[in-house]
Amino acid sequence: QVQLVESGGGLVQAGGSLRLSCAASGRTFSSYAMGWFRRAPGKDREFVSAISWSGGSTYYADSVKGRFTISRDNAKNTVYLQMNSLKPEDTAVYYCAASWTTAWATPTGEHEYVYWGQGTQVTVSS
């Protein structure tokens, strides 16, 4: 069992930055690939980024590539999402999720994730 708690959301102006954190409970955190998803108002939840359990592989949605950076600290059981050059269209509830998968995998599908956090709101004003 893994419990996930996101933090770091808030209100920021376009062009600004935020860093989201996702703290995980459980001793097996380092065995899970971690992902970030988001749900904008009136839209389906979509994939944002993923990192392998080793941290050696990362993957990004085209919409955030070059602006967002995912990282993890297995000693702290935490995964991060650094978001720079934020745009109003980045406004959403952001969720972290854990996936039990192979060492270098960076899953992009919601069905590949077994544990989810409650989400943190990110609002980008124009």
Rounded to the nearest 0.5 Å, what separation is found between the OG1 atom of Thr58 and the CZ atom of Phe68? 14.0 Å

Going hydrophobic residue to hydrophobic residue with side-chain gaps under 4.5 angstrom, can you get from Val48 over to Met34? yes

For Gln118, is the CD atom crowded, meaning more than 12 foreign heavy atoms sit under 6.0 Å from it? no

For Gly9 and Thr120, which heavy atoms make the closest approach, and how far apart are they? N-OG1, 3.2 Å

Might you point out which heavy atoms bring Asn84 and Ser17 nearest each other, and give the distance in Å? OD1-OG, 2.9 Å

Report whether Leu20 and Leu4 are members of the same hydrophobic cluster (ILVMFWY, side-chain heavy atoms less than 4.5 Å apart, transitive linking). yes

Could you go through the side-chain contact (heavy atoms from CB on, under 4.5 Å) check for Trp36 and Met83 one step at a time? CA-CA 12 Å; Trp36 286 96; Met83 306 186 295; over 6 Å; no

Tell me if the CD atom of Gln82 is crowded by more than 12 foreign heavy atoms within 6.0 Å. yes

What residues form a side chain to side chain donor-acceptor pair (under 3.5 Å) with Gln121, not counting sequence neighbours? Thr123

Would you name the heavy atoms of Phe47 and Ala61 that are closest together and state the gap between them? O-CB, 3.5 Å

Dump the intermediate steps for side-chain contact (heavy atoms from CB on, under 4.5 Å) on Thr101 and Glu112, then the final yes or no. CA-CA 8 Å; Thr101 185; Glu112 299 179 89; 5.8 Å; no

Closest contact, heavy atoms only, Ala24 versus Phe29: CB-CD1, 3.3 Å

Hey, could you give me the CZ/OG1 distance between Arg72 and Thr78, rounded to the nearest 0.5 Å? 10.0 Å

As an exercise, state the distance from OH of Tyr60 to OG of Ser49, rounded to the nearest 0.5 Å. 4.5 Å

Interatomic distance, Ser31 atom OG to Asn74 atom CG [nearest 0.5 angstrom]: 8.5 Å

When rounded to the nearest 0.5 angstrom, what is the spacing between SG in Cys22 and CG in Asn77? 10.0 Å

Is the OH atom of Tyr59 crowded by more than 12 outside heavy atoms at less than 6.0 Å? no

What are the two closest heavy atoms between Thr28 and Val2, and how far apart are they? OG1-CG2, 4.3 Å

Taking atom NZ of Lys43 as the centre, does the number of heavy atoms from other residues, nucleotides or ligands within less than 6.0 Å exceed 12? no

Listed pairs under 3.5 Å, donor-acceptor, residues 89-96 side chains, sequence neighbours left out:
| unit_1 | atom_1 | unit_2 | atom_2 | d |
| --- | --- | --- | --- | --- |
| Asp90 | OD1 | Arg38 | NH1 | 2.9 |
| Asp90 | OD1 | Arg67 | NH2 | 3.0 |
| Asp90 | OD2 | Arg67 | NH1 | 2.7 |
| Asp90 | OD2 | Arg67 | NH2 | 3.4 |
| Asp90 | OD2 | Lys87 | N | 2.8 |
| Thr91 | OG1 | Pro88 | O | 2.9 |
| Thr91 | OG1 | Val124 | N | 2.9 |
| Thr91 | OG1 | Val124 | O | 3.4 |
| Tyr94 | OH | Arg38 | NH1 | 2.9 |
| Tyr94 | OH | Asp90 | O | 2.6 |

If you measure from OG1 on Thr69 to CG on Leu81, what distance do you get to the nearest 0.5 Å? 8.0 Å

Kindly state whether the ring of Trp53 and the ring of Tyr32 have centres lying under 6.0 angstrom apart. no

Minimum heavy-atom distance Ala50-Pro107, with the two atoms named: CB-O, 3.4 Å

